Asker: 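Here it is, the structure, as structure tokens.
Computed from a predicted model, the values in this text were never measured in an experiment. Each chain gets a letter, A, B and so on, in the order its sequence line appears, and its residues count up from 1.
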Amino acid sequence: MIKVFFFGRLRETLNASSIDISDLSELATVDKVRIHLSKSYGPIWEEALNQSNIVISVNQVVVSADTAIQDGDELAFFPPMTGG
Amino acid sequence: MIKVFFFGRLRETLNASSIDISDLSELATVDKVRIHLSKSYGPIWEEALNQSNIVISVNQVVVSADTAIQDGDELAFFPPMTGG
Amino acid sequence: MSSMIVRLQEERFEPGSLQSTLFDETNRTGGLVTFTGYVRATDAKGIPLKSLFLEHYPGMTEKSIKGIIKEALDRWDIESTCVVHRVGLLLPRDPIVWVGSAATHRGDAFNCCEFVMDYLKTKAPFWKKEETEEGVRWIDSLASDGDRIARWDAS
Amino acid sequence: MSSMIVRLQEERFEPGSLQSTLFDETNRTGGLVTFTGYVRATDAKGIPLKSLFLEHYPGMTEKSIKGIIKEALDRWDIESTCVVHRVGLLLPRDPIVWVGSAATHRGDAFNCCEFVMDYLKTKAPFWKKEETEEGVRWIDSLASDGDRIARWDAS
């Protein structure tokens, strides 16, 4: 199982703070998780998760789309940061 | 008459905070004042006022050696500043 | 040895007392540079702000700020650094973030403080939401903040 | 409109209260950068300092600091700036100088604060004299401080 968190505007748009994914058989990379989620929950998720500026982290480190995932990883999808 | 102030290490070496000069007839520029003072008060003044890094101000603005002076000006000679 | 303090909190902070604490950690410091970020009184269009909400990613936030500071410590000779960042609901003119860097030489302290702020703006997981009488709006990231990061790579 | 405060004093100062005063002068500030210079605990050879004496040129000091700030205000968009510099006898770890710059954008505040400090070091009429157990010594100006000035001309 992996856990996927959502933050900021994306969390509001999806109306979800996090989601658990149990079946990882087809989900070798973070980008495959993104595509899987964008196809599974309707048009709002599809549009929101296909925005080009979405940042992805694995185990709290920002990664590129082709990063491999494994069981137990903590993923997050979020808009560009606006701190300070 | 002009007034000439000395500061920092130079003030200590000359053992003088300021000096008044009444006769300005030969003293057209700040550098001529420097040469005049260096020749008038013995070897300590001569050595101290011939140091290459001495800074000169006229009316509280740093100036170059060829700056003209006039009656009533306030001059100062001092080492490079070390503030902050 | 370089000391490092990172704090996330909902409470207000006092820049003066943070600076005292930071300075007390040092013994060879000649210069201390601080940055305080404040909630502006208006939004980008000049409309008075009612509030600013700061969301973050607990866990990753501390981790990424510590990573940013470590990168700064590799570049400059710093004796002590502190970052305090508020989260939750803030009001206009509230302090949001405080970064302090203490060093023997002032150039190092200036560089470290500015570097940490530039990276914090774009690499630490915070998201800001503004409320005005026109409604509520998530703030977009600024291209200029990305440009400021690029400067450090070039130098 | 940009406000400017310049103070010379023998008394200690509190960075936190100076920052509050500076921030209260502003209404569109998003970032405030400060520099505090402290008397080091030792001289350049590592010998413990007993005291530091700061001589200045009354009248010219205020004038030159205001000139430095005006030059900074021509270069960057600054809402408020303050310089407080102590003179007379100081002890190890005492604060010597405080420079604060408040601006809408943090880059302006960082540049202004660092510029004012760099110029203050070499263009304002202050002279420092250190006392250690080895005796009393006037501090020489540093070539590196001249180099820091040259940077601003190039930019």
Side-chain angles (χ1 to χ4, degrees), chain B residues 1-21 29-31 33-34 37-38 43-84, chain D residues 6 8 35-40 43-44 52-68 83-87 90 95-99 113-130 135-146 148-149:
Chain B
M1 192 190 85
I2 60 168
K3 202 174 190 79
V4 184
F5 288 96
F6 308 105
F7 290 100
R9 191 200 313 249
L10 188 63
R11 175 184 56 71
E12 279 197 351
T13 305
L14 304 182
N15 196 23
S17 294
S18 72
I19 195 166
D20 293 343
I21 304 177
T29 66
V30 294
D31 203 48
V33 173
R34 186 187 61 76
L37 291 173
S38 74
I44 289 176
W45 284 61
E46 184 164 11
E47 193 193 332
L49 289 169
N50 277 308
Q51 288 170 91
S52 63
N53 63 359
I54 284 193
V55 182
I56 308 175
S57 67
V58 173
N59 300 329
Q60 306 187 348
V61 174
V62 171
V63 296
S64 60
D66 60 357
T67 300
I69 58 162
Q70 54 189 45
D71 191 40
D73 278 349
E74 173 183 309
L75 274 67
F77 293 73
F78 43 81
M81 290 94 140
T82 55
Chain D
V6 174
L8 294 170
F35 174 83
T36 312
Y38 294 92
V39 181
R40 293 212 184 88
D43 73 2
L52 182 75
F53 179 74
L54 259 153
E55 181 168 330
H56 78 123
Y57 181 171
M60 180 170 169
T61 316
E62 293 84 342
K63 200 167 165 174
S64 60
I65 295 174
K66 284 179 183 165
I68 291 165
V83 173
V84 177
H85 205 299
R86 289 173 73 192
V87 294
L90 280 70
I96 308 173
V97 56
W98 190 86
V99 178
C113 186
E114 192 167 8
F115 177 93
V116 168
M117 264 315 297
D118 285 349
Y119 275 76
L120 206 125
K121 281 262 172 189
T122 56
K123 307 285 187 193
F126 293 104
W127 300 274
K128 282 180 185 154
K129 195 161 105 174
E130 281 180 348
V136 168
R137 194 182 71 90
W138 287 97
I139 296 183
D140 291 317
S141 65
L142 293 172
S144 60
D145 281 329
R148 291 184 62 86
I149 292 288

Asker: Would you mind checking which part of D:K63 comes under 4.5 Å of any heavy atom in chain B, side chain (CB onward), backbone (N, CA, C, O), both or neither?
Answerer: side chain
Asker: Tell me whether B:E46 at atom CD has more than 12 heavy atoms from other residues, nucleotides or ligands lying less than 6.0 Å away.
Answerer: yes
Asker: Give, as side chain, backbone, both or neither, the part of D:D140 having an atom under 4.5 angstrom from any heavy atom of chain B.
Answerer: both
Asker: Measure across D:Y57 and B:S57 and return the closest heavy-atom pair with its distance rounded to 0.1 Å.
Answerer: CE1-OG, 3.7 Å
Asker: Please step through side-chain contact (heavy atoms from CB on, under 4.5 Å) for the pair B:E12 and D:W138, ending with a clear verdict.
Answerer: CA-CA 10 Å; B:E12 279 197 351; D:W138 287 97; 2.9 Å; yes
Asker: Looking only at heavy atoms and a cut-off of under 4.5 Å, which of D:T122, D:I96, D:L120, D:L54 has the most pairs with chain B?
Answerer: D:T122
Asker: Of all of D:H85, D:M117, D:R86, which one pairs up most often with chain B through heavy atoms under 4.5 Å apart?
Answerer: D:H85
Asker: Using every non-hydrogen atom in the two residues, find where D:M60 and B:M81 come nearest and quote the distance to one decimal.
Answerer: CE-CE, 4.3 Å
Asker: For B:N53, is it the side chain, the backbone, both, or neither that has a heavy atom closer than 4.5 Å to a heavy atom of chain D?
Answerer: neither
Asker: For the backbone of B:G83 and the side chain of D:W127, can you confirm whether one donor and one acceptor N or O come within less than 3.5 Å of each other?
Answerer: no
Asker: In Å, rounded to the nearest 0.5 Å, how long is the span from CZ of B:R9 to NZ of D:K129?
Answerer: 10.5 Å
Asker: So does B:T82 get a backbone contact from the side chain of D:S141, meaning a donor-acceptor N/O pair under 3.5 Å?
Answerer: no
Asker: Using a 6.0 Å cut-off, check whether atom CD1 of B:I44 has over 12 heavy atoms from anything other than its own residue.
Answerer: no
